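Written out below as structure tokens is the structure these notes cover.
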Amino acid sequence: MNEAVRDCAPPAAAPNIKKTQGTKRTQDRRRTRKFISEIVESRKSDRNVLDCGDVNASNWTVGTISVDYPTAGCARVRIGDPADKQTLLDEKTIVSLERVLTKIEAQISLQCVVFTGCAPGRFIAGADLKTFESYKTVDEARAAARRGQKLFHRISLLPWPTVAAIDGPCLGGGLELALACRYRVATDSSRTRLGLPEVLLGIIPGFGGSQRLPRLIGFQDSLHWVLACKRYNATEAQRAGVIDWVSSPADLDQTAVDIAEGKLQIARNHKKPLLHRFLDSNRLTRSIIASTALKRVVGDSRGRYPAPGRAIEIMRDGLKLSIERGLEREADACAELLISKQSRELVRIFILSENAKKAADRAAADLIVQAAVVGAGAMGGGIAMLLAERGVVTQLYDSKPEAIANAMKRAIEYFGKKSGRGRMTPAAAREALLRIQNAAEMKDIAKAQFVVEAISEDLNDKAACFRALETIITETAVLASNTSALSISKIQESLSKPGRAVGMHFFNPVDRMPLVEIIAGKKTSPAAVAVAAGLALRLGKTPIVVADSPGFLINRLLGCYITEAARLLAAGLSIVEIDGAAREAGMPMGPFQLLDEVGIDVAVRAGASLAEAFGDRFRAGDSLQLCVDAGRLGRKSAGGGFYKKPDPQSGDGRIEVARDIGKIIGVAWAASARGPNSKELARDAGDRLMLSIAVEARRAVESGVIASPDLLDLACVLGMGYPAWRGGPLRDLQNRGGAGAELIQNFGARYGGVFRLS
């Protein structure tokens with residue numbers, strides 16, 4: 001560059017960068033001053049409405065919060081009303097905490113503060129989700145988030161050591177309160193669980209969690225906590241650096257006070273591997289980690305759920321900003337997500353799930369100390385594991401000794417993994433395993449209070465099993481059939497006491513699927529239904545009562561979904577196109593992948609019974625039967641099914657359509673073989689699959705299979721993986737409005753089948 005050119009060049013980069021940085025720092029200072037001033041004003045406002053009274057009183061109460069002084073200079077704040085079943089951050093609790101803080105801030109003689117729950121096993125289970133539904137605008141939602149942030153920031157600004165003493169659920173806003181404290185101690189009780197589940201509700205932590213957690217445990221680990229939405233026990237939380245001390249429930253209060261007063265020293269020597277620390281501390285590597293995580297969550301959700309992506313961005317950027325500026329961005333993002341369609345539907349589904357659980361009464365089920373499972377296959381063995389895990393001594397009977405051996409092997413692996421991952425202590429895992437006992441003969445289960453039959457899906461076999469059980473068990477024992485489609489009323493016909501026979505349809509895999517259909521036969525007593533529903537709740541499931549109708553609810557709707565897929569296949573669309581359309585519509589897997597998982601032969605039997613009951617709308621050609629005839633039953637058969645059987649040694653996880661499947665079922669997908677309407681078929685595929693479920697769901701509600709449209713939507717989300725962001729099939733149909741009704745009418749005229757409403 002010559003002198004003339006150099007002299008004419010703008011004085012440039014460095015001064016501009018410096019000026020920009022200075023401006024940013026100035027803006028951060030202004031935001032900080034504004035945030036603190038707002039907190040000061042809120043304190044003044046609290047003082048105007050609260051009579052602080054005698055700050056040296058031995059104990060006092062404000063609303064739902066009580067304060068006592070276990071030692072001179074130590075205030076213990078007990079949050080919640082003992083009369084309530086759980087403590088939530090609802091309006092009355094937030095107002096009470098605001099006023100309590102105002103009074104505590106005035107007690108200059110204090111030396112430390114402990115925040116804890118109002119009763120054993122009680123901390124804070126999160127925010128009151130009903131308030132979410134009341135926010136109509138972004139501004140209203142943002143104001144609510146800022147209010148919570150300011151409240152917890154006041155805790156973080158207290159001039160004395162603060163300790164969160166946690167026993168019981170510490171979720172969402174509860175954990176965010178704990179993060180605002182200087183120290184955290186939690187009990188080793190099985191009831192104690194910590195987590196930030198907000199992403200499951202379509203939002204992000206909005207009371208400071210997205211900013212304080214990365215500053216405490218690092219960016220990578222905080223991503224796991226926020227995105228996975230898991231509930232961690234105290235040991236796991238301590239290992240991650242979230243909890244400073246693990247205590248027994250009996251010692252919690254004293255331990256918390258000792259930590260607050262400095263008698264018990266907390267040494268935060270939780271050190272991560274060097275590479276881990278380097279990746280967390282470097283801005284560039286944090287950006288790479290964030291970018292990788294963003295690609296993964298967007299790919300997994302196909303962009304349907306914006307909350308995970310926003311959480312990653314807010315947490316990444318927060319580490320570059322002051323805490324006040326980070327909180328401001330957190331509130332903005334949380335508010336925008338909170339009024340989104342996805343969040344509205346996710347919150348609705350969560351509330352419906354909680355209401356369904358509340359409707360079940362555990363009292364009678366909690367009295368069960370001994371149960372039995374007849375049939376040690378995948379379902380029976382899985383049910384036995386759940387019972388044993390929940391403290392029930394479970395006798396497992398099968399006429400084939402090798403089935404018992406295989407079930408015990410799976411149980412050892414199951415509890416071993418739980419122990420290895422810190423989800424159970426080794427001692428608890430061993431005790432649970434010992435609760436599964438081998439019954440050499442059926443008569444050995446005579447003392448069982450609850451018996452689950454899980455043998456082959458054959459009506460005659462199940463009826464014979466029930467008759468044999470009735471001669472063995474006590475008069476008060478309940479008999480439950482784990483059937484996916486067979487009539488409970490028909491099973492009852494040959495029983496002398498049919499009232500105690502009930503259906504319990506667990507879904508595979510038993511340990512992971514959250515729904516259990518409770519089926520009442522014509523003569524099933526309300527008491528048997530109540531015990532079965534309560535037991536399902538005790539096992540960690542959501543019980544939903546359905547009528548004794550062919551396919552019950554979920555299998556009936558899945559049958560419609562698969563039938564419509566088979567119609568699309570017969571019309572010329574390929575397996576890849578149909579499964580792709582289903583996944584694009586939000587289903588976790590396409591119908592043909594699902595068929596391979598459950599077994600094509602199982603689907604054929606279920607389809608035949610549905611067609612017998614409901615006629616042509618469940619008939620879709622011979623493609624499934626042709627697969628069965630060729631020995632192609634899905635993953636369980638050597639040749640696979642519609643897809644090749646995955647090679648476990650390859651490890652790439654890819655699934656490919658079997659090359660010969662078109663020949664087996666007599667369908668060609670070459671472009672030349674397609675009809676003139678192939679583009680229209682491909683365009684309609686996703687809507688046909690989803691609306692087929694909705695149309696049949698409407699019939700199920702109208703015929704009384706389930707009590708309400710809301711319960712049906714919940715059952716579909718939990719039992720068949722219906723996309724929660726759609727809110728369930730009937731909610732989706734409602735949201736489509738007139739366009740949905742017109743589309744169904746159009747499909748009825750062109751395609752018939754399930755869409756033919758007359």
Side-chain angles (χ1 to χ4, degrees), residues 190 360 362-419 423-456 462 465-466 468-470 472-474 476-483 500-513 516 518 528 531-541 543:
S190 61
R362 273 188 55 168
D366 283 341
L367 298 177
I368 296 172
V369 295
Q370 187 164 338
V373 177
V374 178
M379 297 300 293
I383 295 167
M385 289 190 300
L386 284 182
L387 287 164
E389 188 176 355
R390 266 49 177 203
V392 181
V393 175
T394 305
Q395 292 167 301
L396 185 59
Y397 170 76
D398 197 293
S399 59
K400 299 176 182 178
E402 62 271 20
I404 295 284
N406 289 334
M408 292 306 300
K409 182 180 178 181
R410 291 192 298 271
I412 292 169
E413 292 174 354
Y414 173 78
F415 290 117
K417 286 180 180 178
K418 283 236 168 185
S419 174
R423 306 302 290 176
M424 297 178 76
T425 65
R430 284 193 297 271
E431 289 172 5
L433 190 60
L434 289 173
R435 290 191 198 103
I436 303 177
Q437 300 176 357
N438 179 13
E441 299 180 30
M442 188 180 283
K443 65 180 182 180
D444 294 339
I445 67 174
K447 295 182 180 179
Q449 299 161 280
F450 196 98
V451 181
V452 180
E453 166 273 310
I455 63 173
S456 60
K462 286 182 181 289
C465 180
F466 265 55
L469 287 169
E470 193 177 38
I472 295 169
I473 61 174
T474 64
T476 57
V478 175
L479 281 168
S481 176
N482 175 51
T483 176
R500 59 175 169 176
V502 64
M504 287 185 79
H505 178 202
F506 289 83
F507 292 81
N508 196 23
V510 177
D511 60 307
R512 283 160 46 194
M513 293 298 286
V516 174
I518 307 297
V531 173
L535 185 61
L537 188 64
R538 182 176 171 183
L539 299 182
K541 307 299 182 181

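One is the number of the first residue; the rest follow in order along the sequence. Predicted model, so just to flag it, every value in this text is computed and none were measured.
- With values rounded to the nearest 0.5 angstrom, Leu535 atom CG is found 8.5 Å from Ile518 atom CD1.
- Here the closest heavy-atom approach between residue Ala454 and residue Gly380 is recorded as CB-CA, 3.7 Å.
- Residues Val502 and Leu479 fail the side-chain proximity criterion, which asks for heavy atoms closer than 4.5 Å.
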_Between Ile368 and Val531, does the side-chain contact (heavy atoms from CB on, under 4.5 Å) criterion hold? Intermediate values first, please._
CA-CA 9 Å; Ile368 296 172; Val531 173; 4.0 Å; yes
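- From Glu470, atom CD reaches atom CD1 of Ile472 across 11.0 Å, with rounding to the nearest 0.5 Å.
- Applying the salt bridge (charged side-chain N to carboxylate O under 4.0 Å, His left out) definition to pairs two or more places apart or across chains, those involving residues 365-384 are Arg362-Asp366.
- For Thr474, the side chain to side chain contact (heavy atoms under 4.5 Å, CB included) partners at least two apart in sequence or on another chain are Thr476, Ala477.
- Smallest separation of non-hydrogen atoms from Ala480 and Phe466: C-CZ, 3.9 Å.
- Taking CD1 from Ile436 and CG from Leu387, the interatomic distance works out to 9.0 Å, rounded to the nearest 0.5 Å.
- Judged as a side chain to side chain contact (heavy atoms under 4.5 Å, CB included), and not counting sequence neighbours, the contacts of Ala428 are Met424, Thr425.
- Atom SG of residue Cys465 and atom CD of residue Glu453 lie 5.0 Å apart, to the nearest 0.5 angstrom.
- Under the salt bridge (Lys or Arg N to Asp or Glu O under 4.0 Å) criterion, Lys541 pairs with no residue at all, not counting sequence neighbours.
- For the pair Ala376 and Ala407, the tightest heavy-atom approach, listed with the atom from each and the gap, is O-CB, 3.7 Å.
- Closest non-hydrogen pair, Gly375 versus Leu396, comes out as O-CD1, 4.0 Å.
- With sequence neighbours left out, the side chain to side chain contact (heavy atoms under 4.5 Å, CB included) criterion links Asn508 to Met379.
- Applying the salt bridge (charged side-chain N to carboxylate O under 4.0 Å, His left out) rule to pairs touching residues 399-409 yields nothing, sequence neighbours excluded.
- Nearest heavy atom pair, residue Pro543 against residue Ala360, reads CG-CB, 3.8 Å.
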*Could you walk me through whether Tyr397 and Leu469 pass side-chain contact (heavy atoms from CB on, under 4.5 Å), step by step?*
CA-CA 12 Å; Tyr397 170 76; Leu469 287 169; over 6 Å; no
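- Although no hydrogens or angles enter the test, the distance criterion places a donor-acceptor pair under 3.5 Å between the side chain of Asn482 and the main chain of Phe506.
- Across Met504 and Ala532, no two heavy atoms sit closer than the pair CE-O, 3.6 Å.
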For residues 440-452, please give each side-chain donor-acceptor pair under 3.5 Å, one per line with the distance, not counting sequence neighbours.
from   : atom 1 : to     : atom 2 : distance (Å)
Asp444 : OD2    : Ala440 : N      : 3.3
Asp444 : OD2    : Glu441 : N      : 3.1
Gln449 : OE1    : Val369 : N      : 2.7
Gln449 : OE1    : Gln370 : N      : 3.0
Gln449 : NE2    : Leu367 : O      : 3.3

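- Listed by chain and number, the residues in a side-chain hydrogen bond (donor to acceptor under 3.5 Å, both in side chains) with Arg538 amount to none (sequence neighbours excluded).
- In this structure, the separation between CG on Asp398 and CD1 on Ile404 is 5.5 Å, given to the nearest 0.5 Å.
- Contact check for Met408 versus Leu433: side-chain heavy atoms found under the 4.5 Å cut-off.
- In this structure, Ile455 CD1 and Thr483 OG1 are separated by 10.0 Å, a value rounded to the nearest 0.5 Å.
- With sequence neighbours excluded, no residue forms a side-chain hydrogen bond (donor to acceptor under 3.5 Å, both in side chains) with Thr394.
- Evaluation of the ring pair (Phe, Tyr, Trp, His ring centres under 6.0 Å) rule for Phe507 yields His505 as partners, not counting sequence neighbours.
- Qualifying side chain to side chain contact (heavy atoms under 4.5 Å, CB included) partners for Glu431, counting only residues two or more places apart in sequence or in other chains: Arg435.
- Sequence neighbours left out, the pairs with a member in residues 379-390 that pass salt bridge (charged side-chain N to carboxylate O under 4.0 Å, His left out) are Glu389-Lys418.
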